[in-house]
Amino acid sequence: MGCLARILAFNRNNGVLFFRITSDLVPFASHPVMDFPWQDHFRGMFEDIGKFIKKSGMRVSMHPGQYTLLNSNRETVFDNSVKDLEYHTQVLDLLETDSKAKVQIHVGGVYGAKLDAMDRFVRRYETLSKNLRKRLVIENDERNYSVMDCIEIHEETGIPVVLDTLHHEVLNNGESIPEVLAQISKTWESRDGAPIVHYSSQQPGSRPGAHAKTLDVSHFRQFLKNVEGMDFDVMLEVKDKNHSAVKAIGIAGAEFQ
DNA sequence: CCATGTCAAGGTCAC
DNA sequence: GTGACCTTGACATGG
């Protein structure tokens with residue numbers, strides 16, 4: 001918690017206004033071994049940090065890991081996933097963030113029958129708590145569910161869709177980035193805030209879809225030029241986090257002068 | 001200093 | 001079976 005406060009202070013000083021809070025903030029929070037009342041124990045710190053976020057005009061999000069699968073064909077996996085999603089939601093609730101602070105997941109597996117798997121996602125989504133549903137958003141992946149698949153699920157559930165630019169380059173139906181960005185923008189209501197875009201570029205020499213370790217400056221400039229005039233919040237997916245973030249803000253600032 | 005490897009709860013898919 | 005996945009970070013080791 002102390003580290004989170006320091007990170008957010010760094011962010012404010014460097015103009016980083018959109019930040020993904022680590023899922024490890026409370027280790028093992030959704031695991032059966034957890035018997036510590038962390039919610040009460042840290043309540044005051046959550047409040048203080050939440051006030052700082054609000055005062056600084058920041059937006060935060062969280063991203064559960066690859067084990068959180070709402071559409072699994074195994075009930076226990078689904079149950080564990082709900083517990084994990086509830087944990088993530090609780091953190092954002094304890095911070096007293098508004099519904100623009102999101103918990104973001106992928107649609108999940110295919111299990112040899114994609115339509116069934118998508119249908120299962122929709123049905124399960126509808127059983128989730130209201131608190132969770134107001135925060136949950138889905139992101140396209142590079143293997144199973146394209147942006148258009150996500151939009152199909154949006155049409156059934158109203159869930160907003162996050163665009164991951166690199167995943168889209170690997171798995172698509174021929175749409176350009178500006179086209180899909182326009183599409184996913186329509187899935188975000190005003191209470192959801194600006195559409196979220198996960199930006200990264202291909203790591204040279206790695207498998208297609210592998211995220212670059214650091215910001216590719218010229219690629220990022222080109223991306224911004226392509227989507228000029230559109231409103232969204234960018235989350236960088238890079239290893240060297242703050243270094244690339246500060247660089248990206250410098251570039252975006254120069255572009256929009 | 002950098003790169004690499006290992007470990008931490010849980011899943012799924014491609015090879 | 002194994003590796004890969006930004007959920008990622010900490011830490012050790014070797015160059």
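No experiment lies behind these values; they were computed from the predicted model shown. Heavy-atom basis, side chains included; hydrogens, waters and symmetry copies ignored. Order of the sequence lines fixes the chain letters, A, B, ..., with proteins taken first and strands second; residue numbering starts at 1 for each chain.
The pairing partner recorded for C/dT7 is none, the criterion being a Watson-Crick or G-U wobble arrangement whose two distances lie under 3.5 angstrom. Base pairing analysis places B/dG10 opposite nothing; no Watson-Crick or G-U wobble pair with both distances below 3.5 Å involves it.
Atom CG of A/D240 is separated from atom P of B/dA3 by 11 Å (rounded to the nearest Å).
Out of C/dC6, B/dA8, C/dT7, the shortest distance to the side chain of A/H106 is found at C/dT7. Among the nucleotides C/dT8, B/dA8, B/dT12, the one closest to the side chain of A/N73 is B/dT12. The side chain of A/H31 has B/dA9 as its nearest neighbour among B/dA9, B/dG11, C/dT8. With C/dG9, B/dA9, B/dT12 as the candidates, the nucleotide lying closest to the side chain of A/K241 is C/dG9.
Taking the P atoms as reference points, C/dC6 lies 23 Å from B/dC2, given to the whole Å. The same atom, P, is picked in C/dG9 and in B/dG11; the two are 22 Å apart, to the nearest Å. Spacing of C1' atoms, B/dC7 relative to C/dT7, comes out at 15 Å, to the nearest Å.
With a 6.0 Å cutoff to the six-membered ring centre and a 45° limit on the axis angle, A/R12 does not count as a cation-pi contact of A/F52.
Map A/R74 and A/D24 each onto its nearest nucleotide of DNA chain B; the residue landing nearer the 5' end is A/D24. Judged by closest nucleotide on DNA chain B, A/G65 is the one of A/G65 and A/V110 placed further toward the 5' end. Position along DNA chain C of the nearest nucleotide to A/A210 versus A/T22 favours A/A210 as the more 5'-ward residue.
A salt bridge is defined here as a Lys NZ or Arg NE, NH1 or NH2 lying under 4.0 Å from an Asp or Glu carboxylate O, and A/D192 with A/K102 meets this definition.
B/dG10 has its base stacked against the ring of A/Y67, the centroids being under 5.5 angstrom apart at an interplanar angle below 30°.
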Trace of the ring-ring contact (aromatic ring centres under 6.0 Å, His included) decision for A/W38 with A/F28 = CA-CA 11 Å; A/W38 57 271; A/F28 293 82; over 10 Å; no
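Heavy-atom neighbours of A/K54 NZ from other residues, nucleotides or ligands within 6.0 Å: at or below the threshold of 12.
Nucleic acid contact for A/L236: base, since at least one base atom lies under 4.0 Å from a heavy atom of the residue.
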